[in-house]
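Convention: sequence-line order gives letters A, B, ...; per-chain numbering from 1.
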Amino acid sequence: MTIFQPVRGTHDYLEADVRAYQKIVRTALHVAENYGYQEIMTPLFEQAQVFSRSLGDMSDVISKEMYVFEDKGGDLLALRPEGTAGVARAFVSNGLTQSLPQKFFYAGPMFRYERPQKGRQRQFHQFGVEFMGVFSPLADAEAIALGAHILKELGLDKSITLKLNTLGDLESRTAYQTALINYFKKYSSDLSPESQIRLEKNPLRILDSKDPGDQALVQNAPDRDSFLTSEAQDFFANVRKALESLNIPYEIDPYLVRGLDYYSHTAFEFSSSALGAQAAVLGGGRYNGLVEQLGGPPTACVGWGAGIERMMLLLEKCIPLPPHVTIISVSQEQELLALNLAQQARAKGLSVWLDFQVSMAKHMKKASKMKTPFVWIIGEEEATSGTVTCRNMQKGTQEVLSIDRAMAYVLRDHK
RNA sequence: GCGGGUGUAGCUCAGUUGGUUAGAGCGCGAGGUUGUGGUUCUUGAGGUCGCCGGUUCGAUCCCGGUCACUCGCCCCA
């Protein structure tokens, strides 16, 4: 028989992985709810156009990395490569544009056909938020504060820094882009091959090139600030002021650029030095044009997405909670009794481990390995007298107790 | 999509300058007198040395390809 391997870039998540995953998503949802966000679930696949129209045909995510397929009805569909486009589509489809503002939280798998690496998979998981319908620098600041809050709640804030930039409004951005093209065209033969392509596709991207030759040219490139309209400058200044009043530390990175077309104004990224090349953990910005691209009214939005696997790499191992009590029956005759007793205890809110193995020593071994604090042993004598032998595993002591007293004994220890 | 590294037991890794039965630690199973774990002792199971092909009398080891992981580029969370 052939033994199948998982598809390249996909992984099975075993117990410790799932615990870490759930801890991250639950924490994120809990904090987001405190900020008024509601969870939304959108399909894992959409019309391919939902993504190509919103992210831009030229972006690598669309042109190279998207899983696109034709379904049996002949529709061109795509597995979602990110979360924002689907949420924005749902926002329009469901007529929510009539009741603004809206705050959405989402979490789930995303798919990108990329070469796998540490912190990069073909099926990976993100959670994110979208704050739709408000054009205020305070909304940007609140969204960033939410991201920082979640990272802090997970204990990840020490290894992570926040980088901030503005792309300006559309007017600023186009003017700046033109200036960059004019500047870099003069040196196009000195640019790295990648950046020569960027000059055509996305000139802003040359700014964060890692090539030393490119970086030297970037030093003397036109300055972003002089192309910002006064509105864009004010907006950014107010984002910064709000962050400062919230005591959220950040550093300005004029070369921080977002790859997806829908961004304008604020761009930000929380990144960790502990992750190698895939340093970005949580990133996003403002995207005032996207909803319109998807057929809705012009709607101001800000949001971000976060890579769950990258957080899992930073999170220390999550230890499972042991059950409160393990019940062991001495022989098969007491097993049914043990099952009923377990149900009684569970009804009182205790977690109970029960397995149906043959040897008692094996049961004990399992109990001590799980670090169960208490074991109840039921043999013939206990069964007839309605008692259990209650063993305290840490102390190594045990006594025969009535079922009620044994229950109370364990409950007292846990409350 | 491009370049470098790695691939031996469930896990972490030794090893063979190409030669007969491939090792350790952890983990797992059994036992140390029939109702008691965490320590210890004894013992057992488990590997087509990633896969396919080539060179060779002979390959886990050399060569080629392939797959996976990993590091960097690209891109991005």
For A:Gly128, which contact category applies under a 4.0 Å heavy-atom criterion: base, sugar-phosphate, or nothing?
-> nothing

For atom C1', what is the distance between B:rG15 and B:rC61, given to the nearest Å?
-> 10 Å

Give a yes/no on whether any side-chain N or O of A:Lys362 is located under 4.0 angstrom from OP1 or OP2 of B:rG37.
-> no

Sugar-phosphate, base or nothing in reach of A:Glu269, heavy atoms under 4.0 Å | nothing

So does A:Gln117 get a side-chain nitrogen or oxygen closer than 4.0 Å to the phosphate oxygens (OP1/OP2) of B:rC69?
-> no

Scan A:Gly396 against the nucleic acid and name what it touches under 4.0 Å (heavy atoms): base, sugar-phosphate only, or nothing.
-> base

Salt bridge present between A:Glu399 and A:Arg405 (N-O < 4.0 angstrom) | no

With rounding to whole Å, what would you report as the distance between B:rA24 and B:rC49 at their C1' atoms?
-> 16 Å

Could you tell me whether the side chain of A:Arg120 has a donor or acceptor atom within less than 3.5 Å of a complementary atom in the base of B:rC74?
-> yes

Derivation and outcome, side-chain hydrogen bond (donor to acceptor under 3.5 Å, both in side chains), residues A:Glu251 and A:Thr161 = CA-CA 8 Å; A:Glu251 52 190 74; A:Thr161 54; 4.9 Å; no

Answer with base, sugar-phosphate or nothing: what part of the nucleic acid does A:Met110 contact at a heavy-atom distance below 4.0 Å?
-> nothing

Under 30°, 30 to 60°, or over 60°: which ring-plane class applies to A:Tyr21 and A:His125, parallel, tilted or perpendicular?
-> perpendicular

Mind calculating the distance between CD (A:Glu309) and P (B:rU70) to the nearest angstrom?
-> 12 Å

Touch class at under 4.0 angstrom, heavy-atom based, for A:Ile377 against every strand present | base

Just how far, in rounded Å, is P of B:rC75 from CG of A:Leu204?
-> 13 Å

Which whole-number value in Å describes the distance from A:Glu82 CD to B:rC75 P?
-> 17 Å

What is the distance from NZ of A:Lys64 to C1' of B:rC74, rounded to the nearest Å?
-> 6 Å

Say you pick atom P in B:rG5 and the same atom in B:rU66; how far apart are they, in whole Å?
-> 15 Å

Strictly by modelled atom types, are A:Glu244 and A:Tyr250 linked by a side-chain donor-acceptor pair under 3.5 Å?
-> yes

At under 4.0 Å between heavy atoms, what does A:Ala280 touch on the DNA or RNA strands: base, sugar-phosphate, or nothing?
-> sugar-phosphate

Send over the distance from A:Met66 CE to B:rC75 P, rounded to a whole Å.
-> 18 Å

Has the side chain of A:Glu114 got a donor or acceptor atom sitting under 3.5 Å from an opposite partner on the base of B:rG1?
-> no

